[in-house]
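As C-alpha cells, the structure follows; a few thoughts come after it.
Chain letters run A, B, ... following the sequence lines, proteins first, then strands; residues in each count from 1.
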Number of protein chains: 2
Amino acid sequence: MAEKAPKEMRLTKQRQAVLAALRSTDTHPDAAWVYQEVRQSLPGISLGTVYRSLAALVDQGLIQELPQEGKVLYDANITPHQHAVCTSCSRVFDLVLPPLDQLYREARRRSGFHSISAYRLDFYGLCQRCAAA
Amino acid sequence: MAEKAPKEMRLTKQRQAVLAALRSTDTHPDAAWVYQEVRQSLPGISLGTVYRSLAALVDQGLIQELPQEGKVLYDANITPHQHAVCTSCSRVFDLVLPPLDQLYREARRRSGFHSISAYRLDFYGLCQRCAAA
DNA sequence: AGTGCTACTAGTAACTATTACTAGTTACTG
DNA sequence: CAGTAACTAGTAATAGTTACTAGTAGCACT
C-alpha cells in the first residue's frame, strides 16, 4: 500500500473542462452527466476520456469519488463534509457537521484497525421537495 | 414513497439456502460468493435466482444491503451497526458504536430534511492483517 | 520554433454486476 | 390433491465502467 510516486499529469483541455464542469455545480453528478456537460464546449470528447479524466483528478486529489447505489458520483468539494441522500429522488446534498473525534477514537479501538484514515457518513431521508409531494 | 403492501413471499428452498449461506459467515459477501456457496447444497441454482432471493430477503427485512465500490454486499446482521472497511484488502468488518443521537439531530437541522430515517457510517483504514504486511 | 519523448485522446470492444424475459415448476390455499 | 400465482433455470439484455489501439498533443530541451 505504498504511495506510488505521483507521475506527471498533464493538464489537457479535456481535463480542464471536466474539472470546470464539476466545479460549476453543487450537485453530485455521475460520469454521464459530466460527459453531456463537457460536450457543450468539447463536442468531440469521448466518454472514456471523461472516465479517465475523472480518475486522474481523483488521483491528484482535486475531486472526490462518492460511490452510491451501483454508480460513482463525483464531488468537486474536497473539504471535509458529509452527505444527506434523498431516498425518493436520490439527490445528494452536502452537509457540514462537526468532526467525529470521539467516535473516531472509539472506532479505532473497537475495530482493531491500527489506523483509520477516513470515514464516510451518509444520512438518508426525504428532501424538502419530496417531503412536500 | 408509500410502503407497498407486503405481498406473499414463499420460503422456497433456494431462499432458505441463500439466507443460511449469508448467516453462516460474518464477512460481507457479494452475490457471486453466495452463488458459489449455495451451489454446494443446491448445485442447480441459477445466479439470477440468487439475486432475486437476495432482493426478496431485503424486502422482508431479513438481510441488509451494503453498496460498496461498484457492487452490492449483503449482511445477515440486521442489528444497528457500522462498518470498518480495509482500504487494502477491501474486507468489511462489523463495528458496534453508540448511536449518533446528537449528530442525528444536527444533521436533520442542517440538511433541511424533514425526517432522517437512517444513516450509514463507514470507517476506512488498514485492517490488522494488512497493517502487519 | 523545432524535435523527441511519452502521456494522452477518440473510438471501439470487452468486461462486471445486475436485471429482464420466457417457458416450465412448485409452494401454499382451500 | 387440485388450482393458481409466485416462483425457478437458463439465457439474453442492460448499465456502468475499463481496456485496447493507433494516432495526437503537451511539455522539456534545445
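G70(B) comes within 4.0 angstrom of the backbone, heavy atoms only, and of no base. L47(A) comes within 4.0 angstrom of a nucleotide base, judged by non-hydrogen atoms across all strands.
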| message | Before you tell me yes or no, could you show the steps for F113(B) and Y124(A) under ring pair (Phe, Tyr, Trp, His ring centres under 6.0 Å), namely the whole-Å CA-CA distance, both residues' side-chain angles and the distance that decides it to 0.1 Å? | response | CA-CA 9 Å; F113(B) 277 36; Y124(A) 299 93; 9.6 Å; no
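The CZ-P distance, from R15(B) to dA6(D), rounds to 11 Å in whole Å. One interatomic measurement links the two molecules: CE of M9(A) to P of dT6(C), which rounds to 19 Å at whole-angstrom precision. Protein atom NZ of K13(A) is 5 Å distant from nucleotide atom P of dG26(D), rounded to whole Å. With rounding to whole Å, Q16(A) atom CD is found 19 Å from dA7(C) atom P. Going from atom CD1 of I45(A) over to atom P of dC8(C) covers 14 Å, rounded to whole Å. Regarding Y51(A), its OH atom lies at a distance of 15 Å from the C1' atom of dA14(C), rounded to whole Å. Look at NZ on K71(A): it is 14 Å from P on dT18(D), rounded to the nearest Å. What separates CD of E69(A) from P of dA17(C) is a distance of 17 Å, to the nearest Å.
Relative ring orientation between Y119(B) and Y104(B) is described as perpendicular, the plane-to-plane angle rising above 60° on a 0-90° scale split at 30° and 60°. Ring planes of H28(B) and H81(B): tilted class, angle from 30 to 60°.
OP1 or OP2 of dT8(D) lies within a sub-4.0 Å distance of a side-chain N or O belonging to R52(B). A sub-4.0 Å separation between OP1 or OP2 of dA10(C) and a side-chain N or O of Q14(A) is present. Using a 4.0 Å cut-off, some side-chain N or O of T12(A) falls inside it from OP1 or OP2 of dT9(C). Between T49(A) and dA10(C) there is a side-chain N or O to OP1 or OP2 distance below 4.0 Å.
A cation-pi arrangement is absent between R91(A) and F93(A) under the rule of less than 6.0 angstrom and at most 45 degrees off the ring axis. A cation-pi arrangement is present between R39(A) and Y35(A), with the terminal nitrogen or guanidinium carbon under 6.0 Å from the aromatic centre and inside a 45° cone about the axis.
Residue R10(A) places a side-chain atom within donor-acceptor reach of the base of dT6(C), judged by atom type and a 3.5 Å distance cut-off alone.
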